[in-house]
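One-based numbering, in listed order, for ligands and for the atoms of each.
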Amino acid sequence: MRWEDVLATRNTRMKASEIRELLKLLDQPDIISFAGGIPDPALFPVAAFQSAMAGALGPGRAETALQYSVSEGYMPLRRWLAAHMAGLGIPCGVDNILITSGSQQALDYLGKLMISPGDTVLVNWPTYMGALGAFNAYEPTYDRLDPRENRGAAEYRAKAAEAGGAVKFAYLSTDFANPTGETVDRPGRERVLDLMDAIGGAVVEDAAYQALRYDGEAIPPILALEIARKGSIEDCRTIYCGSFSKTLAPGLRVGWVCAASPVIGRLVLMKQAADLHSSTLNQMAVAEVAENIFDAHVAGVRAVYKARRDHMLAALSRHMPKGVEWTRPEGGMFVWITLPEGMDGADLLARSLETERVAFVPGRAFFADGSGANTIRLSFSRADEAAIDEGIARLGRLIAAG
Ligand SMILES: Cc1ncc(COP(=O)(O)O)c(C=O)c1O
């Protein structure tokens, strides 16, 4: 069988990551890893989930937990989320909420919903590589969204037309972005809204890390700013993607979309066609755990990650040679390093794994245009303080050696 003969064109855009082979080495015990941007499993609320799962499988509830269910999601969870969103300045009803299998599924559905081959998506340089992966299947062109210095709508539109389509949406992570850890300030958020109002496209607001703020003032989500302008979520172009992965547990695959009800209606059709609905049992468990302990649990998670972030920033100050720059995130899991000009992050990783045994993610894969060779992403979410000190010292030594 020649599989190339039967593959759709979209497959040419779906490539295995070049760094995956290197990252396979991470399981070796002597490696200090700042690579995976995943939660520390020691922070999972295991007892709360044990009790919630047992309850969901108990008398009178197991029939619901194990049965097919509606595509929109488990109603008590949608109700909790509507109240949660109101707390973020986004008054909405359950008709504005769709439960998805992680926010990653929302990104896939939004690509499917809006991108025809050749259409343009605006993204930051760099951006979440999983979003590029999700959108790539729908064969878009990317143009650069820089919240600090937007080009005018006409310019974006003309470039999109040249590429054979239209600007369909801007995608951005507003708080503590993956990979940079940076937060878009309020004027930056307003400018994205202005731009997309002028272009006539949607805004996809990825809020995966929103709850993990360690210091500084919370900034209203773009969707909240837009509701303040327009009066109702029903008149908004912003589509908010949330997730329980970074706060409760990623393995349950529970996320949500909050948007105007016609958008939710379209996404429900997509979910029906793709997987019918997300796991009912998992949604029931998440609803109960969120109801009972969300705020207290997330406060505990924040305290642990904040200490690790502080530790990593202090270690970077002590050990990084001149010419290295890094971000100072107010939350999330990542610090983004810019290496001296001409130094390549992928080469550095290969050398680091061989000699210093420290792992991280080279930055290039986060750039839609393949630039960013002299950048790397470090995650502080899983390493303890001793490992952070030792790992950053070794990395500083390696970089200093050139
Ligand atoms: C910015 C961002 N968005 C979305 C996701 C997807 O998360 P999930 O599908 O677990 O909600 C991730 C995961 O790392 C992420 O970093």
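The 12-atom threshold is exceeded at CZ of R302, counting heavy atoms of other residues, nucleotides or ligands nearer than 6.0 Å. Within a 6.0 Å sphere centred on CD of E341, heavy atoms belonging to other residues, nucleotides or ligands number 12 at most.
With atom 16 (O) of ligand 1 as the reference point, the heavy atom nearest to it among Y209, Y171, F176, W256 is part of Y209. Taking only non-hydrogen atoms, the option from L252, V254, D206 nearest to atom 3 (N) of ligand 1 is D206.
Proximity of R253 to ligand 1, defined as any heavy-atom pair under 4.0 Å, is confined to the side chain (atoms from C-beta onward). Both the backbone and the side chain of S103 come within 4.0 Å of ligand 1, counting heavy atoms alone.
Atom 5 (C) of ligand 1 has its closest protein heavy atom at Y128 OH, 3.4 Å. The protein heavy atom nearest to atom 10 (O) of ligand 1 is S245 OG, 2.5 Å.
Taking the ring centre of Y156 as origin, the terminal cationic atom of R151 falls inside the region bounded by 6.0 Å and 45° from the ring axis.
Of all the atoms in ligand 1, the ones that sit under 4.0 Å from a non-hydrogen atom of K246 are 12 (C), 13 (C), 14 (O). Short contacts between ligand 1 and S243, defined as distances under 4.0 Å to a heavy atom of the residue, involve ligand atoms 8 (P), 11 (O). Below 4.0 Å from some heavy atom of G102 lie the following atoms of ligand 1, by number and element: 9 (O), 11 (O).
Judged by distance alone, the side chains of N11 and E4 never bring a donor and an acceptor atom under 3.5 Å apart.
Shown here for V94 and R78, the closest heavy-atom pair between the two residues is O-NH2, 2.7 Å. When all heavy atoms are compared, the tightest approach of A290 to F244 is CB-CE2, 4.3 Å.
By the ring-ring contact (aromatic ring centres under 6.0 Å, His included) test, Y128 pairs with no residue at all, sequence neighbours left out.
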